[in-house]
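What you are looking at is a predicted structure, and each value in this text was computed from that prediction instead of being measured. Whatever order the structure lists them in is the order used to number ligands and atoms, beginning at 1. In what follows, every heavy atom counts, from backbone to side chain, and hydrogens, waters and symmetry copies are set aside.
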Amino acid sequence: MEGVDDGLFRLPAAEVAPGAMHLPGHLDGPAQRELLDACRAWSRPPAGLRTVRMPRGGRMSVRQVCLGLHWYPYGYARTAVDGDGAPVKPFPAWLGRWARRAVEEAYGKGPCTVPYDIALVNFYEGRARMGMHRDSDERSRAPVVSFSLGDTCVFRFGTPSGRGRPWTDVELRSGDAFVFAGPSRLAYHGVPRVRPGTAPPGTGLRGRVNVTVRAR
Ligand SMILES: O=C(O)CCC(=O)C(=O)O
Ligand SMILES: [Fe+2]
C-alpha cells in the first residue's frame with residue numbers, strides 16, 4: 001500500500017537538510033522498550049529528572065535528565081549543578097554503540113568511531129515543547145543522534161543562520177532516529193508540537209521521550 005506506514009513497512013531514510021538524516025522506524029519494538037525502561041531508571045534520583053531553569057527566569061517545559069555530563073544553560077558539568085548537586089549518571093557504552101549504528105545507517109560511509117559520551121533525555125508531558133535552539137555547548141562537531149519514543153511530535157529543522165525560516169517540519173514517531181552533522185550540525189531545531197495519545201500501545205507511555213546522544 002503505497003504511502004501507508006502502518007508500522008510493518010519502514011519508510012526510507014530522508015535527508016531533511018544537508019547532513020540531517022531522518023531514519024524512520026530505526027529502533028524496533030523491543031529496542032524501544034529497552035531504551036524506555038532505561039530512561040525510567042535514569043529519571044530517578046539522585047541526579048534524576050529536573051525542570052531546567054533558564055538564565056532569564058523562564059523554565060523549559062520539558063523535564064530532563066543527563067548522562068555522562070550534566071547540561072545546564074549553557075554548558076556542561078560533572079554534577080547536577082542546577083538540580084540536587086549529585087554526580088551525573090554514567091553514560092552507558094551500549095548507548096554509544098546504538099548512536100554509532102544510527103550514524104552508519106544515516107550516512108552509509110562505513111564504521112563510525114565517534115566516542116559518544118553524553119546523553120540528554122527529555123520528557124515531554126502535557127503541552128511541553130522545545131523552542132528553536134542549537135546544540136552548541138559541545139566542543140566536538142561529531143553528529144548528534146536523537147532517538148524518539150512514545151507520542152509522535154513535529155520536529156522543526158532549520159538552518160545554522162537563525163531561528164527563523166526556512167525550516168522543514170518532520171514527524172518523529174516512536175522508534176525514529178534523527179542524525180545531524182556537517183553543514184547541519186549547528187542548525188536551529190525545535191519541537192513545536194507533540195501529538196497526544198499517539199504513542200504505540202506497547203510502550204505504555206503517555207507523552208514523548210527523546211534521547212539525544214552527543215560527543216563532548
Ligand atoms: O526532543 C527532540 O526531538 C529534540 C531535543 C533537542 O533538540 C535537544 O535535546 O537538544
Ligand atoms: Fe537540540
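Of the protein's heavy atoms, Arg208 NH2, 2.8 Å lies nearest to atom 3 (O) of ligand 1. The shortest contact between atom 9 (O) of ligand 1 and any protein heavy atom is with Asn122 ND2, 2.8 Å. Atom 6 (C) of ligand 1 has as its closest protein heavy atom Met130 SD, 3.5 Å.
Near His189, with a cut-off below 4.0 Å to any heavy atom, the atoms of ligand 1 are 7 (O). Near Asp135, the atoms of ligand 1 lying under 4.0 angstrom from a non-hydrogen atom of the residue are 10 (O). Those atoms of ligand 1 that come under 4.0 Å of a heavy atom in Arg214, given as number and element, are 8 (C), 9 (O), 10 (O).
Geometry at the Fe ion (ligand 2): NE2/His189 and NE2/His133 form an angle of 90°, nearest 10 degrees.
A distance of 4.0 Å separates CG in Leu120 from SG in Cys66, rounded to the nearest 0.5 Å. Distance OG/Ser148 to CD/Gln32: 9.5 Å, rounded to 0.5 Å.
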| request: Could you give me the CA-CA distance, side-chain angles and deciding distance for Arg185 and Glu138, then say whether salt bridge (Lys or Arg N to Asp or Glu O under 4.0 Å) is met? | output: CA-CA 11 Å; Arg185 175 60 181 78; Glu138 306 76 32; 2.8 Å; yes
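Between Tyr124 and ligand 1 there is a heavy-atom distance shorter than 4.0 Å.
The aromatic rings of His189 and Phe155 sit tilted, their planes meeting at an angle between 30° and 60°.
For the pair Arg208 and Tyr124, the cation-pi criterion (under 6.0 Å, within 45° of the ring axis) is fulfilled.
Neither the backbone nor the side chain of Val62 comes within 4.0 Å of ligand 1, counting heavy atoms alone.
Checked by distance only, ligand 1 and Ser146 stay at 3.5 Å or farther apart across all their nitrogen or oxygen atoms.
Remark: Glu125 engages Arg63 in a salt bridge, criterion side-chain N to carboxylate O under 4.0 Å. A salt bridge links Arg40 with Asp37: the distance from a Lys NZ or Arg NE/NH1/NH2 to an Asp or Glu carboxylate oxygen falls below 4.0 Å.
When the shell of 6.0 Å around CZ of Arg216 is examined, it contains more than 12 heavy atoms from other residues, nucleotides or ligands.
Among the heteroatoms counted here (N, O or S) of Asp135, OD1 is the one nearest to the Fe ion (ligand 2).
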